[in-house]
Peer 1: 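Attaching a single structure in C-alpha cells format; questions to follow.
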Number of protein chains: 2
Amino acid sequence: MPALAEVFREHGYEGASLALISRATGLGKGSLYHLFPGGKAEMAACVLAEIDAWFEANLYRPLRAAERPETAISDMFEAVQTYFRSGRRVCLVGVLALGGGRDLFAEAVRGYFVRWVAALDDALRRTGHDAAASAALAEEVVAQIQGAIVLARALDEPAVFTRALAALQSRIATAAG
Amino acid sequence: MPALAEVFREHGYEGASLALISRATGLGKGSLYHLFPGGKAEMAACVLAEIDAWFEANLYRPLRAAERPETAISDMFEAVQTYFRSGRRVCLVGVLALGGGRDLFAEAVRGYFVRWVAALDDALRRTGHDAAASAALAEEVVAQIQGAIVLARALDEPAVFTRALAALQSRIATAAG
DNA sequence: CGCTGTTTGTACCGATCGGTACAAACTTGG
DNA sequence: CCAAGTTTGTACCGATCGGTACAAACAGCG
C-alpha cells in the first residue's frame with residue numbers, strides 16, 4: 001500500500017499504469033481488482049484517504065489541540081521535513097491539484113488543504129497572532145511548502161526545501177505576538 | 001501553438017494524448033508529425049522553449065537589466081499575475097518538475113527556475129539587500145509563486161494567488177534597504 | 001494549363017491502456 | 001482430508017496509445 005502511493009506520486013494519476021502498479025506492489029491484476037473493485041480510481045481515492053488520515057492525525061489534530069501551539073507548529077515542520085524526505089518526495093495531493101484527475105479528486109484535494117490551512121491558522125492564532133495575520137500567514141506557509149517541493153525537485157536540490165522550512169519557522173517566530 | 005501549450009498544461013505530459021492535441025490545435029496527425037518529426041516529446045520541448053523564451057524576455061532580462069530594479073520587480077509581479085491568470089492557469093514547468101516526463105525535461109526545467117531565481121536575486125541585490133538575504137528571498141519568492149498556484153488550484157480560489165503575490169510584494173518592500 | 005514540392009487527411013501498425021472472466025491455487029472450518 | 005470460500009495468476013476484451021505510410025489536396029512557378 002505504501003508502494004501504491006509511491007507509484008502515484010512518481011507518475012501521477014494518468015501515468016500510473018496498472019502494469020506499473022502491479023509491478024510496484026507485487027500484486028497481480030486479479031488481486032488488485034479484488035481489493036479495489038473500483039479500479040484505478042478507487043486505488044487513488046484510497047491512497048488519498050490514507051494520506052489525509054495521516055496528516056489529520058499527525059499534523060492537523062496536534063495543531064488544533066496542542067496545549068503549547070508553538071511546539072505543535074515546530075513539530076509540524078519536523079513532520080513535514082521527514083514526510084517529504086527533504087523535498088525529494090513529492091506531495092501527491094499537490095500533484096493531483098495541478099494535473100491529472102483534477103475533477104475526480106477535487107473534493108478530497110480541497111479538503112486536505114483547507115484543513116491544513118485551518119489547523120495552522122488555529123495554532124498561529126493561539127500563539128498570539130491576530131485573526132487576519134494568522135489566516136494570511138497560514139496560507140503563506142502551506143503554499144510555501146508546496147512551492148518548495150516544486151523548486152527543490154526542479155533544481156534537484158533538497159537543500160532548497162530544508163532552507164524554505166527553516167525560513168518559515170524563523171518568520172513565524174519573529175512575527176509572533 | 002498556444003493551444004498546444006494549454007493542452008500540456010491542463011493534462012500534463014502523459015495525459016496530453018495525440019487525440020487531444022489534434023483536437024485542440026485543429027491539426028491532423030499528418031500536420032503535427034510534419035511540424036514536429038520528433039513526436040510528442042519534440043512538441044513539449046518546443047512549448048517549453050517558447051515559455052522559457054517568453055520568461056527570459058519579459059521577466060528575467062528586465063530584472064537583470066532594469067535601471068530601477070524596484071520597478072522591474074513590481075513589473076514581474078504584474079506579469080506573473082497576468083500570465084498565470086490569477087492562479088487559474090498552471091505553470092507547465094512546475095507540472096513537469098513534479099511528475100510526468102521529469103527525466104526528459106529535467107535540464108530545461110532546471111534552467112527555467114535557476115535563471116528565474118538568479119535574475120530576481122540580481123534585482124533584489126541592487127535594491128539594497130545584501131547577498132545572502134537576496135539569494136534566500138529570491139528562492140522564497142519563486143517557491144511561493146509556485147506554491148500559490150498549487151494552493152489556488154486546489155482550493156479553487158484564485159484570490160489565494162493574488163493575495164500571495166501581494167504579500168510577497170509587501171514583504172520585499174519592507175525588507176528592502 | 002502542367003509540373004514540383006510541400007501540407008494535409010486517413011488508414012493502419014504494434015503496444016499498451018484500464019478492465020473483465022474465470023479457473024487454478026490457496027486458506028479455512030468441519 | 002474434504003468441501004466451501006477466498007485469494008491469485010493468466011488469458012483475453014475493446015479502446016486507445018504514440019507513431020508511420022502514403023496518397024490525395026494544395027501551393028507556387030513556368
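Residue numbers start from 1 in every chain, and the chains themselves are labelled A, B, ... in the order their sequence lines are given, proteins ahead of strands.
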Peer 1: Do the charged groups of A/Glu10 and A/Arg153 touch, with an N to O distance under 4.0 Å?
Peer 2: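 Yes, charged N to carboxylate O under 4.0 Å.
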Peer 1: To the nearest angstrom, how far is A/Arg23 atom CZ from C/dT16 atom C1'?
Peer 2: 12 Å
Peer 1: Is there side-chain contact between A/Arg115 and A/Phe55, with heavy atoms separated by less than 4.5 Å?
Peer 2: no
Peer 1: A side-chain contact here means heavy atoms from C-beta on lying under 4.5 Å apart; do A/Ile51 and A/Phe8 qualify?
Peer 2: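 A side-chain contact is absent here, since even the closest heavy-atom pair is not under 4.5 Å.
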Peer 1: Check whether any side-chain heavy atom of B/Arg163 sits under 4.5 Å from a side-chain heavy atom of B/Glu157, and report yes or no.
Peer 2: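 Yes, at least one pair of side-chain atoms sits under 4.5 Å.
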Peer 1: Where along residues 31-48 of chain A does a heavy atom fall under 4.0 Å from DNA chain C?
Peer 2: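 A/Tyr33, A/Gly39, A/Lys40 - these, ordered by number, are the residues of the stretch whose heavy atoms sit under 4.0 Å from the strand.
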Peer 1: Applying side chain to side chain contact (heavy atoms under 4.5 Å, CB included), can you list everything that pairs with A/Ser17, at least two apart in sequence or on another chain?
Peer 2: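 Residues passing side chain to side chain contact (heavy atoms under 4.5 Å, CB included) with A/Ser17: A/Ala19, A/Leu20.
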Peer 1: Rounding to an integer number of Å, can you tell me how far A/Leu27 CG sits from D/dT10 C1'?
Peer 2: 15 Å
Peer 1: May I have the distance from B/Leu18 (atom CG) to C/dT16 (atom C1'), rounded to whole angstrom?
Peer 2: 14 Å
